[in-house]
K.L.:
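Below is a structure I'd like to ask you about.
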Amino acid sequence: MKLKSRVLVVGGGAVGGLFAWRLSQSPSVTVSLVCRSNHQTVSTQGYRINSAQFGTSTYRPYAVHRTVEEAALTGAFDYVIVALKALPNKYDSAERIQAAVSPGTMILLFQNGIGIEEPFAQRFPRNPVVSSVSFVSVKHEDGVLRHGGFSMLAAGVHQAGDMSAEEAKEQLRELFRVFESQGVACSVHQDIQPYRWQKHVLN
């Protein structure tokens with residue numbers, strides 16, 4: 001990983017807030033958040049954390065933006081983590097992140113559902129797209145994140161874009177090493193779909 005990679009987390013709810021917090025504990029990255037409904041609370045007070053795994057803390061993000069377009073004005077991002085709910089009948093998640101995607105940006109989908117990858121692959125054919133499944137118990141209410149005793153990410157490269165498959169995997173592994181340094185169990189898989197179906201059944 002280069003000196004300091006820039007990460008944008010789009011969606012500051014339970015999953016986005018928790019994983020942004022874990023990443024932000026590392027000096028290897030700067031983490032910005034896009035929050036919509038909770039922008040005022042997060043930008044002024046941050047998150048209060050109550051975690052069985054990591055303890056209690058207050059997380060004040062490096063930067064909190066109202067929109068992706070606003071975040072994009074600060075410069076290019078190495079990683080964009082999509083932590084929005086996958087609601088294709090209401091909005092297009094791929095369209096929402098477009099302003100923040102530059103050449104070389106890796107897009108990671110921290111969303112539930114089956115078949116969510118293709119809209120991103122079609123809109124960003126030259127970017128690496130990673131399908132990720134989070135196994136975590138976390139709730140967010142009134143600026144408080146309540147997290148259980150476990151956090152795990154399983155992921156696979158859905159499309160490598162302009163990179164080779166191995167280059168895309170290595171870029172993913174670099175970010176996952178940061179997560180692992182902060183207590184999040186991570187694994188990279190050739191085929192992530194069995195994990196997606198497992199999560200789909202659990203939900």
Side-chain angles (χ1 to χ4, degrees), residues 1 4-66 71 77-87 93 106-113 116 130-156 172-189 192 195-196 198-203:
M1 182 169 284
K4 213 170 182 68
S5 291
R6 300 187 75 231
V7 180
L8 179 66
V9 179
V10 182
V15 170
L18 179 74
F19 287 115
W21 172 51
R22 296 320 301 159
L23 277 180
S24 73
Q25 303 306 294
S26 168
S28 301
V29 295
T30 58
V31 184
S32 301
L33 271 164
V34 174
C35 299
R36 293 171 67 89
S37 61
N38 60 340
H39 178 270
Q40 180 68 20
T41 300
V42 175
S43 61
T44 58
Q45 302 175 28
Y47 295 91
R48 286 172 290 156
I49 312 288
N50 187 339
S51 169
Q53 181 179 9
F54 301 115
T56 58
S57 182
T58 298
Y59 167 42
R60 297 186 182 277
Y62 170 79
V64 184
H65 303 283
R66 290 185 185 276
F77 291 96
D78 301 291
Y79 300 91
V80 172
I81 294 175
V82 184
L84 301 167
K85 289 184 178 179
L87 300 172
S93 296
M106 174 167 276
I107 302 163
L108 297 98
L109 310 181
F110 282 30
Q111 297 179 298
N112 294 331
I116 64 167
V130 171
S131 183
S132 182
V133 183
S134 60
F135 294 92
V136 62
S137 175
V138 59
K139 295 181 179 179
H140 174 238
E141 187 176 5
D142 297 328
V144 180
L145 289 174
R146 302 187 187 282
H147 170 233
F150 183 74
S151 53
M152 187 187 94
L153 292 169
L172 170 60
R173 291 188 188 106
E174 286 180 355
L175 186 67
F176 270 17
R177 282 193 281 270
V178 180
F179 272 120
E180 288 174 330
S181 75
Q182 302 305 319
V184 178
C186 297
S187 56
V188 177
H189 303 270
I192 194 61
Y195 291 86
R196 281 213 162 273
Q198 181 182 353
K199 182 72 178 289
H200 187 66
V201 170
L202 289 173
N203 284 348

K.L.:
Report, one line per pair, each donor and acceptor closer than 3.5 Å where one atom sits in a side chain of residues 46-55; sequence neighbours left out.
P.N.:
unit_1, atom_1, unit_2, atom_2, d
Y47, OH, G12, O, 2.6
R48, NH2, D142, O, 3.3
S51, OG, Q53, N, 3.2
S51, OG, F54, N, 2.9
S51, OG, H147, ND1, 2.8
Q53, OE1, S151, N, 3.3
Q53, OE1, S151, OG, 2.9
Q53, NE2, G183, O, 3.0

K.L.:
Taking the side chain from K4 and the backbone from P27, do they hold a donor-acceptor pair closer than 3.5 Å?
P.N.:
yes
K.L.:
Looking only at heavy atoms, which two atoms of S57 and W21 are closest? And how far apart?
P.N.:
CB-CZ2, 3.8 Å
K.L.:
Does any non-hydrogen side-chain atom of V133 lie less than 4.5 Å from one of L153?
P.N.:
no
K.L.:
Can you confirm whether or not the ring centre of F19 sits under 6.0 Å from the ring centre of F110?
P.N.:
yes
K.L.:
Is there a side-chain contact between S24 and V29, using heavy atoms and a 4.5 Å cut-off?
P.N.:
no
K.L.:
Is it the case that atom CZ in R36 sees more than 12 heavy atoms from other parts of the structure closer than 6.0 Å?
P.N.:
no
K.L.:
Ignoring hydrogens and angles, tell me if any N or O in the side chain of Q182 forms a donor-acceptor pair with the backbone of V178 under 3.5 Å.
P.N.:
no
K.L.:
Taking atom types as modelled, find out whether S187 and H189 have a side-chain donor-acceptor pair closer than 3.5 angstrom.
P.N.:
yes
K.L.:
Do the non-hydrogen side-chain atoms of V64 and H39 ever get within less than 4.5 Å of each other?
P.N.:
yes
K.L.:
Got a sec, which residues hit side-chain contact (heavy atoms from CB on, under 4.5 Å) with S137, two or more places apart in sequence or on another chain?
P.N.:
none
K.L.:
Rounded to the nearest 0.5 Å, how far apart are CD of Q45 and CZ of R60?
P.N.:
7.5 Å
K.L.:
Verify, without hydrogens or angle tests, whether S26 (side chain) and L23 (backbone) share a donor-acceptor contact under 3.5 angstrom.
P.N.:
no
K.L.:
Can you name the closest pair of heavy atoms from G143 and T41 and give their distance?
P.N.:
CA-CG2, 4.0 Å
K.L.:
Okay, side chain of Q111, backbone of L84: is any donor-acceptor separation there less than 3.5 Å?
P.N.:
yes
K.L.:
What is the minimum heavy-atom distance between Y59 and G17, and which atoms define it?
P.N.:
CE2-O, 4.0 Å
K.L.:
Mind running side-chain contact (heavy atoms from CB on, under 4.5 Å) on S5 and Y79 for me, showing each step along the way?
P.N.:
CA-CA 8 Å; S5 291; Y79 300 91; 4.2 Å; yes
K.L.:
Quick one: pull up NZ in K85 and OG in S93 and give me the separation to the nearest 0.5 Å.
P.N.:
12.0 Å
K.L.:
Once you round to the nearest 0.5 Å, how far does NE2 of H65 lie from CG of L8?
P.N.:
7.0 Å
K.L.:
Please report the C-alpha distance between R177 and L175 in whole Å, then the side-chain angles of each, then the deciding distance to 0.1 Å, and finally whether the side-chain contact (heavy atoms from CB on, under 4.5 Å) criterion is met.
P.N.:
CA-CA 5 Å; R177 282 193 281 270; L175 186 67; over 6 Å; no
K.L.:
For residues L33 and G11, report the shortest heavy-atom separation together with the two atoms involved.
P.N.:
CD2-O, 4.1 Å
K.L.:
Do R196 and S131 get their side chains close enough for a donor-acceptor pair, meaning under 3.5 Å?
P.N.:
yes
K.L.:
Test your reading of the model: is there a side-chain donor-acceptor pair from R173 to the backbone of V188, 3.5 Å cut-off?
P.N.:
no
K.L.:
Going by the side-chain contact (heavy atoms from CB on, under 4.5 Å) test, name the single residue among V31, V80, D78 that passes it with R6.
P.N.:
D78
K.L.:
What distance do S134 atom OG and L18 atom CG have between them, rounded to the nearest 0.5 Å?
P.N.:
9.0 Å
K.L.:
F77 vs V7, test: side-chain contact (heavy atoms from CB on, under 4.5 Å). Steps then yes/no.
P.N.:
CA-CA 6 Å; F77 291 96; V7 180; 5.9 Å; no
K.L.:
Step by step, would you call V130 with M106 a side-chain contact (heavy atoms from CB on, under 4.5 Å)?
P.N.:
CA-CA 7 Å; V130 171; M106 174 167 276; 3.8 Å; yes
K.L.:
Mind listing the closest non-hydrogen atom pair of A83 and G16 along with its distance?
P.N.:
CB-CA, 3.7 Å
